[in-house]
Structure formats: C-alpha cells, structure tokens
Amino acid sequence: MARKKTLKIATFNVNGVNTRLAHLLGWLEKEQPDIVGLQELKALDGAFPEDAIREAGYGAIWQGQRSWNGVALLAKSQDPVESRRGLPWDPKDEQSRYIEAAVHGIVVGCLYLPNGNPQPGPKFDYKLKWMARLQRHAKTLVDLPHPVALIGDFNVVPTDEDIYDPKGWRRDALLQPESREAFFKLLEQGWTDSLRTIHGSNSGVYTFWDYFRQHAERDRGLRIDHLLLNPVLAKRLKGAGVDRWVRLQEKASDHAPTWIQVGA
C-alpha cells in the first residue's frame, strides 16, 4: 500500500453525537478525514455510538457528560493513544471539555472552550479561568519536537473580520476583549492559526451559523472553530477549509466540520 502524502485533520462541534449521528457518518464517508475532534457530544460515556463509528472505519476515545459538553477524538484505521483527559490545575472542574491523544504520529488536543455567556458573570469568569489553564498547558506542548495540534470549538471570534456583523454581537462573550486577548496570547506562544494562514484576513470563511433568519443559507456566520499548529506541524500545512455543506443539511449542527491538510 502506498504511503499517504497528506493527512486531513478536522474538528466538528456535532451538537449532539446521537441526535446527528447520520450527519456525522455521512460526512465521514464522503470526506474521509484521518483525524477528527468532536465537541458537544451531549451524551454519557456509555451512550457514545462506538460501534457505528468503528463500522465507519474509525477508532475513538471520548469523555462524555449528560446533556452538555463532551469531547472525542477519532482516528481512521487506528485507535488514538490517549495522553490526557481534562486540563490540569483544577481538580474540581468536572466539565468534559478536553481530551488529548497521539494519532497518526501527531499529538492532538481536542477542546470545547466554555461559551461564557451571559457576560459579565460567573460563566464568563469560568471561561477566562479555563483559557488561562489552556494557555498554561499549551505552553508545555508548543515547543515539543513532535507535531502538535490544538483543535476544537474555541468559542472565540478572533477579529471583527471573523464575523458577519461584529456590531450586532459586540456584547457577546465570544467577542469580548478579554476573550480575544487570551486567544492571541496562545498564538504568541508560537501556535499557527491554520485557517487564517491559508485564507488570510477578510476571507469570509466561517465555521458556525446560528439557527436564526436563515443565517446558514445566507452565509452570515462566525469563525470560532480553530486548528492551531505548533511550529513543527505548521511547516507541513498545505490546505484548510470548511465543509459548509454539512451545515446546510436538514436539522444539522450549527457548526460545520473545519479541516486542514498537512504533509504526512
């Protein structure tokens, strides 16, 4: 068998892994990603559809939670080798938001960052504390001699160019200066924002469209799903995109799978 020249790494906030299992399986079959991070499973561990995902050709690890949150990593034709479950430095944090594994020779951290609304308030405070923990952990990964990717729903719109209408969302936690500052502090460690690198600013590339006023059909979206690469992996970046067709299906998640291609 010829060795693959590229790997496709994707992140997808599935917004209910069982509710939208048909969407997930259809996308896996059509697009054939090699590595997938899933967020918002909204299912307990025992309810994760492992058999269906294995039948689709993917091994998986996951951390579920009843009705909310939940993250998973899928690997085509192999099982991810788990290295971490949950961020360190807060043993009282019981929310399922981070899982990490070695997959196809890459260390992949899959995250579902807190939304933070309404702000100000305790939910926004939790978001910023969680981001501080993420920065601290990311610092231990960015300079590794191995390729590393941090992928997932970051719930941060980095700049006004990453949203169709910044004025209408100005009070939202996703656009707050503190949220954006925390995101850019991550990048300052040496991480590469892969979609921005490939498509540039003012590109109109979005990953999320809410359910109001046909925003998906009108492409009035936000870019909040990101794939950050450490310097070793960033050198191998070859392409990036969003499978918006998944979002346009009936009863779809409000996110679309977002992906990159890297040299294998």
Side-chain angles (χ1 to χ4, degrees), residues 9-13 15 37 39-40 97 111-135 138 142 149-230 234 237 239-248 252-260:
I9 306 172
T11 179
F12 183 20
N13 181 321
N15 194 13
Q39 303 87 41
E40 273 202 277
R97 294 186 176 274
L111 62 96
Y112 175 45
L113 206 144
N115 177 281
N117 282 306
Q119 71 81 31
K123 290 186 176 181
F124 189 63
D125 294 341
Y126 173 67
K127 179 190 186 91
L128 297 182
K129 290 178 181 177
W130 203 94
M131 293 187 82
R133 290 165 59 205
L134 177 63
Q135 290 168 14
V142 67
L150 286 176
I151 68 174
D153 177 358
F154 281 69
N155 268 317
V156 176
V157 177
T159 72
D160 284 357
E161 283 72 41
D162 297 302
I163 182 171
Y164 74 97
D165 178 19
K167 291 182 180 178
W169 287 71
R170 191 62 71 194
R171 294 182 60 83
D172 196 277
L174 279 61
L175 274 71
Q176 292 311 299
E178 299 93 333
S179 305
R180 288 176 163 179
E181 181 183 4
F183 182 80
F184 282 104
K185 280 185 177 179
L186 267 180
L187 299 186
E188 288 169 2
Q189 293 179 354
W191 298 95
T192 292
D193 180 346
S194 52
L195 260 72
R196 174 56 59 86
T197 298
I198 293 295
H199 294 282
S201 58
N202 300 307
S203 61
V205 173
Y206 305 130
T207 68
F208 166 91
W209 302 259
D210 61 32
Y211 292 121
F212 301 107
R213 303 181 186 90
Q214 291 192 306
H215 279 175
E217 291 78 5
R218 297 161 63 197
D219 199 20
R220 295 172 69 81
L222 294 68
R223 188 173 76 95
I224 60 175
D225 302 272
H226 307 298
L227 298 100
L228 306 187
L229 313 182
N230 78 334
L237 179 62
V242 181
D243 291 331
R244 183 169 162 242
W245 66 267
V246 180
R247 174 63 180 89
L248 296 174
S253 169
D254 42 10
H255 296 249
T258 305
W259 53 267
I260 60 171

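For K123, there are no salt bridge (charged side-chain N to carboxylate O under 4.0 Å, His left out) partners at least two apart in sequence or on another chain. Residues passing the side chain to side chain contact (heavy atoms under 4.5 Å, CB included) test with A240 are L195, I198, H199, I260, sequence neighbours excluded. K185 pairs by the side chain to side chain contact (heavy atoms under 4.5 Å, CB included) definition with Q135, E181, E188, not counting sequence neighbours. F183 pairs by the ring-ring contact (aromatic ring centres under 6.0 Å, His included) definition with F154, H226, not counting sequence neighbours. Scanning for side chain to side chain contact (heavy atoms under 4.5 Å, CB included) contacts around A138 gives L150, L186, Q189, W191, with sequence neighbours left out. Applying the salt bridge (charged side-chain N to carboxylate O under 4.0 Å, His left out) criterion to E161, with sequence neighbours excluded, gives no partner residue. Residues passing the ring-ring contact (aromatic ring centres under 6.0 Å, His included) test with F208 are H255, sequence neighbours excluded. Under the salt bridge (charged side-chain N to carboxylate O under 4.0 Å, His left out) criterion, R180 pairs with D160, not counting sequence neighbours. Taking the side chain to side chain contact (heavy atoms under 4.5 Å, CB included) definition, one finds that Y164 meets it with W169, Y206, H215, R220, L222, sequence neighbours left out.
The two residues G239 and W259 come nearest to each other via the heavy atoms C-CZ3, 4.3 Å. Nearest heavy-atom pair, Q39 versus L111, reported as atom, atom and distance to 0.1 Å: CG-O, 3.4 Å. Residues Y126 and P114 come closest through the heavy atom pair CE2-CG, 3.4 Å. Nearest heavy atom pair, residue F124 against residue S179, reads CE1-OG, 3.4 Å. Minimum interatomic distance between A234 and T192 (heavy atoms only, all atoms of both residues): CB-OG1, 3.5 Å. The two residues N15 and S253 have their closest heavy-atom pair at CB-OG, 3.4 Å.
The neighbour count for Y211 OH, taken as heavy atoms of other residues, nucleotides or ligands under 6.0 Å away, is above 12.
Proximity of Y112 to E40: side-chain heavy atoms (C-beta onward) are separated by under 4.5 Å at one or more points. Side chains of P158 and F184 form a contact here, defined as non-hydrogen atoms less than 4.5 Å apart. Put simply, the side chain of D153 does not reach to within 4.5 Å of the side chain of L113, judged on heavy atoms. The shortest distance between side-chain heavy atoms of V156 and L174 does not fall below 4.5 Å.
The closest donor-acceptor contact from the side chain of Q176 to the backbone of R170 lies under 3.5 Å. Distance alone, capped at 3.5 Å, places no donor-acceptor pair between the S194 side chain and the L228 backbone. Using a distance-only test at 3.5 Å, with no hydrogens or angles considered, no donor-acceptor pair links the side chain of K127 to the main chain of P122. In this structure, the side chain of R247 engages the main chain of W209 through a donor-acceptor pair within 3.5 Å.
Applying the salt bridge (charged side-chain N to carboxylate O under 4.0 Å, His left out) rule to pairs touching residues 190-206 yields D162-R196, D193-R223, sequence neighbours excluded. For residues 197-217, the set of pairs meeting the salt bridge (charged side-chain N to carboxylate O under 4.0 Å, His left out) definition, not counting sequence neighbours, is empty. Listed by first then second residue, pairs satisfying side chain to side chain donor-acceptor pair (under 3.5 Å) with a partner in residues 113-122 read N115-N117, N117-D172, not counting sequence neighbours.
For the atom pair CD of Q214 and CG of D219, the computed distance is 13.0 Å after rounding to the nearest 0.5 Å. Note that CD1 of I224 is 9.0 Å distant from CD1 of I163, once rounded to the nearest 0.5 Å.
Looking at T11, L229, T258 one by one, the single match for side-chain contact (heavy atoms from CB on, under 4.5 Å) with I151 turns out to be T11.
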